Protein chains: 2
Amino acid sequence: MASIKTIATLAQTSVASVSRVLNNSGYVSAALRAKIESAIAQTNFQPSSDARILRGGKSHLVGILLPSIDVQFFGILAQSMEQALFDLGYQSFICSTAESAAHEARYVAMFLSRRVGGVIAASAEAGAAHFAPLRARGIPIVAIDRDLHGYASDSIVIDHDLGGRMMAQHLLDLGHRKIAILGAPQHSQSIKRRLAGAKAALGQSGLQPVSVQLGMTHDFAQAYDLARNALAHRPTALIGLTDIAAIGAIHAAHDLGLQIPRDLSIIGFDDIPSAAFVLPRLTTIAQPIRHLGHIAAQRLHRLITSDPSVQMNALPALTLIQRDTTAPPIPA
Amino acid sequence: MASIKTIATLAQTSVASVSRVLNNSGYVSAALRAKIESAIAQTNFQPSSDARILRGGKSHLVGILLPSIDVQFFGILAQSMEQALFDLGYQSFICSTAESAAHEARYVAMFLSRRVGGVIAASAEAGAAHFAPLRARGIPIVAIDRDLHGYASDSIVIDHDLGGRMMAQHLLDLGHRKIAILGAPQHSQSIKRRLAGAKAALGQSGLQPVSVQLGMTHDFAQAYDLARNALAHRPTALIGLTDIAAIGAIHAAHDLGLQIPRDLSIIGFDDIPSAAFVLPRLTTIAQPIRHLGHIAAQRLHRLITSDPSVQMNALPALTLIQRDTTAPPIPA
DNA sequence: TTGTAGGCGTTATCAC
DNA sequence: GTGATAACGCCTACAA
């Protein structure tokens with residue numbers, strides 16, 4: 001593999017000068033610089049990041065820990081973070097943890113050996129002790145989507161509780177009283193908080209959900225089954241803690257011969273692209289996914305460089321997107 | 001940052017012995033080994049991959065180049081590859097290129113400086129010269145989803161042409177004669193091949209598509225617009241070159257008051273999770289996305305290690321998944 | 001303006 | 001069994 005030495009030989013000079021042109025540091029005569037640059041171009045030479053890191057340079061590596069990227073919400077999030085980070089000069093390890101603390105721990109060990117400069121994580125709920133080694137080494141951690149207890153240096157987490165309230169309130173405002181709730185994965189902190197928020201809002205009206213159905217995985221098929229269970233309790237409206245859950249519910253209702261929103265109102269959460277492209281179009285609470293990813297990248301960058309000039313963006317707000325799956329209940 | 005030296009001091013021994021326990025090489029007495037292991041555990045020490053690479057070890061790094069991961073097809077693909085690769089001992093840089101050769105080139109330069117051991121790529125169509133430096137260094141490249149002309153060491157690319165034929169044939173078998181085609185992104189090799197295949201199948205029946213609508217981006221909204229254009233030509237059936245395209249078309253048809261499949265048949269391609277969860281459920285050609293990802297990972301591993309014992313899996317077949325969006329046309 | 005040399009963390013080679 | 005040590009590729013004093 002070509003090294004700085006190869007280039008030096010090619011350009012008939014010393015490694016120091018090559019390093020100087022590579023880094024635009026110190027003095028190099030125009031003539032020498034030209035020779036060196038041509039040698040670099042010829043060889044397609046790229047200096048070894050490893051040697052640079054070893055020498056004491058920053059790694060410009062960051063770890064991104066997400067439950068998955070085969071679910072669109074996280075795919076969008078991952079891509080937006082990776083792009084923003086790349087533009088800031090970092091390269092990312094995007095890791096899918098399947099909500100498993102064991103997997104997270106494995107990836108954390110990898111981050112350590114790769115000397116990542118920072119981590120962005122949407123961690124599984126069950127304990128976060130495996131983040132301790134990162135903290136011990138002063139490696140900044142930005143929590144995204146879910147809090148990380150004492151381990152995060154910064155948190156980009158929307159107000160899931162409020163989100164839950166908004167869903168419930170919308171249905172309440174429409175006049176619904178028999179409301180069911182479903183969602184997954186049940187161990188996810190965001191799901192739990194939305195659930196808590198929704199229940200709280202119902203509670204304020206002296207109501208309780210007629211059924212709460214929680215599942216393990218983030219997929220349509222399971223949501224469909226949960227919805228079948230929920231619908232057995234004859235709600236007039238249904239809260240999907242995610243759009244996936246809500247869309248699964250639309251299908252379950254359809255197969256039961258229910259008309260939406262006439263017989264059943266459904267509201268979701270996230271506003272993933274599919275939400276606007278199901279029939280009927282899904283009413284949902286939108287979170288600005290890409291925007292959150294960009295903010296997380298910026299914050300991590302700020303933490304890594306300790307550069308106070310990077311601005312602290314406020315978290316964008318949640319918005320109710322009213323589409324075609326919610327309406328007042330039929331008067332009894 | 002703790003190093004092997006720190007551990008040696010802690011365990012009152014030399015770096016050589018620490019290295020020996022780290023790598024299970026050479027002789028270490030049980031007593032010494034215990035001391036060293038405890039020092040390692042105490043410190044949460046992880047040896048620097050950079051130093052290992054520098055020393056001449058393999059980097060165990062691989063680059064994954066995909067147009068995006070915010071589109072579910074690629075998100076699933078990326079995750080399956082990353083997982084399989086991680087289990088094989090590799091860490092991946094998952095990079096979203098937005099179908100841009102310039103972006104690809106930037107990532108390739110990064111791969112070079114990071115000394116990746118291999119690359120998996122679904123490249124944009126426009127030329128692949130920027131892969132030359134990888135080839136020059138003998139870094140294996142596995143093409144996935146799309147061929148890479150002369151640059152790939154191996155190719156995991158389904159027969160898109162056949163896929164196109166299968167879509168057309170299904171509609172032809174049903175009795176359709178006025179068939180429109182839509183899809184995106186139009187510069188994608190896979191899209192072009194499916195289109196070619198579909199046209200060829202129509203041609204064998206002496207037919208031509210009544211309309212071909214191609215777009216730039218992989219999203220529902222654009223597909224919706226394309227479908228509006230296509231439907232102006234009054235086809236009885238419509239081929240979506242991707243499920244995204246087909247789902248956009250379902251909505252366009254719905255908004256035009258068309259009943260599916262009575263007034264219009266629609267077939268898609270890929271069988272992404274949403275395909276089974278739109279109404280009506282989408283008939284489509286399934287490609288086993290995860291499986292393809294696993295195969296790509298295996299093949300790359302084989303190329304990196306040149307270990308002939310890794311089996312060559314055959315590419316899995318395409319299957320028609322008949323759901324509810326296709327039916328015979330209404331007799332005129 | 002250019003060149004020489006040391007050291008970053010690791011492993012392999014060689015002595016002891 | 002164990003411990004020095006050279007070398008990997010790079011950057012940065014420092015010397016010339």
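A note on names: the letters A, B, ... follow the listed sequences, proteins ahead of strands, and every chain is numbered from 1. Bear in mind that the values here come from a model prediction, so they are computed numbers and not experimental data.
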Rounded off to whole Å, could you give me the [atom1]-to-[atom2] distance for the [X] and [N] pair?
X      : N      : atom1 : atom2 : value
A/D50  : C/dT11 : CG    : P     : 14 Å
A/K35  : C/dT2  : NZ    : P     : 10 Å
A/L22  : D/dT12 : CG    : C1'   : 14 Å
A/Q46  : D/dG9  : CD    : P     : 16 Å
B/L112 : D/dG9  : CG    : C1'   : 15 Å
B/I4   : C/dG7  : CD1   : P     : 18 Å
B/L54  : D/dC11 : CG    : C1'   : 13 Å
A/Y27  : D/dA16 : OH    : C1'   : 16 Å

Looking at [N], I'd like to know if its phosphate oxygens (OP1 or OP2) sit under 4.0 Å from a side-chain N or O belonging to [X].
X     : N     : result
B/T13 : D/dT2 : no
A/S3  : D/dC8 : no
B/S48 : C/dC8 : no

Choose from [options] the nucleotide whose nearest atom is closest to any side-chain atom of [X].
X     : options               : answer
A/V28 : C/dT10, C/dT2, D/dC11 : C/dT2
A/A51 : D/dC11, D/dG9, C/dT2  : D/dG9
B/R52 : D/dT2, D/dG9, C/dT11  : C/dT11
A/S14 : D/dC8, C/dT4, C/dT10  : C/dT4

Locate the shortest heavy-atom distance separating B/V157 from B/L315; write the atom from each residue and the value.
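Taking B/V157 first and B/L315 second, the nearest heavy atoms are O-CD2, 3.3 Å.
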
Charged N to carboxylate O under 4.0 angstrom, A/R52 versus B/D50?
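Between B/D50 and A/R52 there is no salt bridge, as every charged N stays at least 4.0 Å from the carboxylate O atoms.
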
Is A/L32 touching bases, backbone alone, or none of the nucleic acid, heavy atoms closer than 4.0 Å?
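Sugar-phosphate, backbone atoms only, no base.
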
A/F93 and B/F93 aromatic ring geometry - parallel, tilted or perpendicular at 30°/60° bounds:
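Correct class here is parallel.
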
Looking only at side-chain N and O atoms, does A/S96 offer a donor or acceptor that is under 3.5 Å from a partner on A/S68?
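Judged by distance alone, the side chains do not pair up.
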
Distances under 3.5 Å only, N/O to N/O: pair up the protein atoms with those of nucleotides 12-15 of chain C.
| residue | atom | partner | partner atom | Å |
| --- | --- | --- | --- | --- |
| C/dA12 | O4' | B/R55 | NH2 | 3.3 |

Does the salt bridge (Lys or Arg N to Asp or Glu O under 4.0 Å) test come out yes or no for B/E99 and B/R146, once each step is laid out?
CA-CA 12 Å; B/E99 308 276 358; B/R146 312 162 179 190; 2.9 Å; yes

Evaluate the side-chain proximity of B/P316 to B/L292: yes if any heavy-atom separation is below 4.5 Å, no if none is.
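Heavy-atom side-chain distance check passes, below 4.5 Å.
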
What distance separates B/H301 NE2 from B/L303 CG, expressed to the nearest 0.5 Å?
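Interatomic distance, B/H301 NE2 to B/L303 CG, rounded to 0.5 Å: 10.5 Å.
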
